[in-house]
Amino acid sequence: MRSLISIADLTNDEIEEIFALADSAGKLRADKVGNGQIMATLFYEPSTRTRLSFESAMQRLGGSVISCSDMKASSTAKGETVADTAKVVSSYADVLVVRHNWDGAVQAMAEHAEVPIINAGDGGHEHPTQTLCDLYTLRQEKGGLKGLTVVVCGDLKNGRTIHSLVYALARFGANVVTLAANGMELPQYVIERLEREYDYGFAPVASGDLNSVVTETDALYLTPKQPHQLALYTQVDKVIQSQLNTMATGLRYDAFYMTRKQKERMRDGGANISYPTIGPEFLQEKRFQDTVVMHPLPRVDELSPELDKDRRGIYFKQAAYGVPVRMALLQFLFRSNRAPQRAAQKAGRTYRSPEPIGPKCHNANCITVKEPVSTERRFRIYFADHIGALILGCDYCDHRFKVDYVGNVKSKRYSSYDSVLGDTIRAWWDKGELALFDSIKEAEELSYEPTKSSAQRILMTEEEIARALAEMSQQILTDCRDPDRLLILGVRSVGAQLAQRIANEIEARRKRRPELGEIEIYGAGDELRRVGTSDPELGPPSLKDREVVLVDDVIYTGRTVKSALSIIFRSGRPQSVRLAVLVDRGHREVPVKPNYVGKNIPSSEQERVRVRLRGEERETTEQVVIYSIINPSVSAQIVVNSKPEKAANH
Ligand code: CP
């Protein structure tokens, strides 16, 4: 028997096999296929449906159930780790069904248990058995999954049911339209996995008919397998936008999948955040006469009770399918002695730090952070050449983050990561010599020394930087249709500092400060943040109808800007997005043209341009410098510049 941690642990054929078993749940019950099996349910978080339907399923199969009525009354309260609990309970049962509030906790338990584990929901990460119920319901209602269009709505960021569901819908060839509450968009790591493993792309579309029936939300994005991502970096291209809108208007919506606000995963309980609702208007719209409404439940107030009486409100049926589907899953696992086959291989290879200090997952709710003793520090490495970055993906929670510092365990040298070093880094990794660090401090604590220096040239002095920022700020104000709707959005981290300077300049001219935000392309927290407010209840800045100026320090290939634009368009519909960069290196792989440029500095691939600002680690003067990467061979020490660097390379 094998474990089920992610929906990716089952192939499409296996899911179909489970559905065929669910179709004959009556026979499974009559045959008592679970006779003699014991299932233990360990729920560290509340549940009605998942727990009771699993327990009912096991009993109907002729098996029996042991349970901890309240995990707070278990030895967890005395400090027992999930690893020890999993090991111990394994000797009392043949299968464990676990729900935990930490992302990746069930994976960690599976690594210590002696029997298979089924993930009944881990933090905001995945809920694969709910997805089996959702797919089964859709299949029963619509006859199949391929080609369906499903609108997922509400808290797409924290909703674990959504994450498992969109991966599965993509695999079965359905279209997914996302209609997120403000600040609760699908996380970037989910989007990337959809793109990388399932070849799905997102494009922003606006569709009035959805906005008219789902109140309090506005952004809509569609996920066809077509190359509409172009719209992500063609600044409000009216022709493409209009084509997309027409396409959205022509869509037949097969299902609305609504979710509740996951208050328990929000810092302040999400008290003041507005949230979409589906009300009686939905029932009156002719376009939705065949659109079913689903919800994993429990609901709070996002679905009007009027829907309960309508044939399209199928969420109670969806909950009822929990028993036959889980009976089928248990039978499938009982008789499965095949080695597990992942539906989609996790991309990248595994990295384990050869040093006692090394990168940590940036997701504060990850089991590796909450209870490191039950886990190993294990990541996937992705050479994200499209944005010139080295990315680590946590093997437990799937969150991704950028690695800033690389070192060689033999030479005990470190430097900031540069994509030109990609082959060297791969060679170190193959030989087990690659050490990665979150900070210079970590590297130096292990007695690593910075790499040697090469010649560098100053391209902009402090005065020139200040002058360029002043001129760009003036031009931004001149171009702005309504300065009160201006949002200055800096790409973290140097771009965000420059955005702050531009906001200061604009404030000095207008005597009013424009709203300021920052955007993080690879972080584990919010991708969009307000800057200059200590009130967390305000959430991310609103993008709707704003004149956004995106600020970055250096533009070269344009890929970083493309990623930033993807986040912007996924998070709302601004009136316009203009781009301000201090340095334009003059080479582009994606069609992005900055509107405001401090200085054009044509430079080759081997050259690196770095903007050094005061406030960055150890910088005392401000300047833009250029230097070369010289022969980054395996044997040579990496030769970059004299100072340890913090800023990302461009
Ligand atoms: N859908 C779902 O997981 O419900 P419970 O939280 O009641 O198990």
Side-chain angles (χ1 to χ4, degrees), residues 4-7 10 18 22 39-60 65 67-72 95-106 117-138 140-141 150 152-169 184 255-266 269-270 278 292-303 307-308 313-330 365:
L4 174 64
I5 308 298
S6 159
I7 194 67
L10 294 168
I18 291 167
M39 178 176 80
T41 50
L42 303 175
F43 277 60
Y44 294 78
E45 260 194 356
S47 166
T48 300
R49 276 146 293 273
T50 313
R51 180 178 187 152
L52 294 182
S53 63
F54 257 119
E55 294 184 354
S56 169
M58 189 55 154
Q59 293 190 11
R60 285 185 180 179
V65 179
S67 190
C68 241
S69 58
D70 175 6
M71 288 309 288
K72 289 196 192 77
V95 56
L96 314 186
V97 177
V98 180
R99 171 171 291 185
H100 206 288
N101 44 314
W102 297 337
D103 303 0
V106 186
I117 294 208
I118 299 173
N119 181 3
D122 61 326
H125 181 223
E126 281 214 48
H127 191 346
T129 69
Q130 177 64 47
T131 294
L132 291 176
C133 299
D134 300 340
L135 297 181
Y136 187 74
T137 308
L138 273 170
Q140 295 297 95
E141 292 292 318
V150 179
V152 291
C153 191
D155 186 353
L156 311 186
K157 178 179 172 187
N158 304 297
R160 56 193 172 203
T161 62
I162 292 288
H163 304 160
S164 299
L165 179 64
V166 294
Y167 297 139
L169 288 173
M184 301 180 203
F256 263 84
Y257 190 100
M258 192 67 182
T259 53
R260 134 190 104 80
K261 193 193 293 179
Q262 305 286 308
K263 291 180 190 162
E264 63 275 31
R265 309 207 195 289
M266 295 176 188
I278 298 187
V292 293
V293 178
M294 300 172 71
H295 194 305
L297 304 177
R299 67 173 153 183
V300 185
D301 46 19
E302 59 280 353
L303 283 186
L307 293 171
D308 298 0
I314 59 167
Y315 27 89
F316 292 118
K317 212 190 266 190
Q318 185 185 351
Y321 283 138
V323 176
V325 168
R326 290 182 172 111
M327 285 168 77
L329 172 67
L330 287 168
N365 196 48

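Both ligands and their constituent atoms are indexed starting at 1 by order of listing.
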Q. Just by distance, with hydrogens left out, do Tyr315 and Asp308 show a side-chain donor and acceptor under 3.5 Å apart?
A. yes
Q: Can you pull out the closest protein heavy atom to atom 7 (O) of ligand 1? Residue, atom name and distance to 0.1 Å, please.
A: Thr48 N, 2.8 Å
Q. If you measure from each heavy atom of Glu45 to ligand 1, is any distance below 4.0 Å?
A. no
**Q.** Test log, rule side-chain contact (heavy atoms from CB on, under 4.5 Å), inputs Gln59 and Met39
**A.** CA-CA 9 Å; Gln59 293 190 11; Met39 178 176 80; over 6 Å; no
Q: Any atoms of ligand 1 less than 4.0 Å from a non-hydrogen atom of Leu297? List them with their elements.
A: 1 (N), 2 (C), 4 (O)
Q. At what distance is the nearest protein heavy atom to atom 4 (O) of ligand 1, and which residue and atom is it?
A. Arg49 NE, 3.1 Å
**Q.** Atoms in ligand 1 flagged as close to Pro296, the criterion being non-hydrogen separation under 4.0 Å
**A.** 1 (N), 2 (C)
Q: With Pro128 as reference, evaluate Ile118, Leu4, Ile5 under the side chain to side chain contact (heavy atoms under 4.5 Å, CB included) test and give the passing residue.
A: Leu4
Q) Applying the side chain to side chain contact (heavy atoms under 4.5 Å, CB included) test to Ile7, which of Leu132, Leu165, Val166 qualifies? A) Leu132
Q. If you draw the axis of the six-membered ring of Phe43, does the NZ or CZ of Arg99 fall within 45° of it and under 6.0 Å from the ring centre?
A. no
Q. By number and element, which atoms of ligand 1 are closer than 4.0 Å to a non-hydrogen atom of His127?
A. 3 (O)
(Q) Starting from atom 6 (O) of ligand 1, what is the nearest protein heavy atom, named by residue and atom, and what distance separates them? (A) Arg99 NH1, 2.9 Å
Q. Of all residues at least two apart in sequence or in a different chain, which pass the salt bridge (Lys or Arg N to Asp or Glu O under 4.0 Å) check with Arg160?
A. Glu45
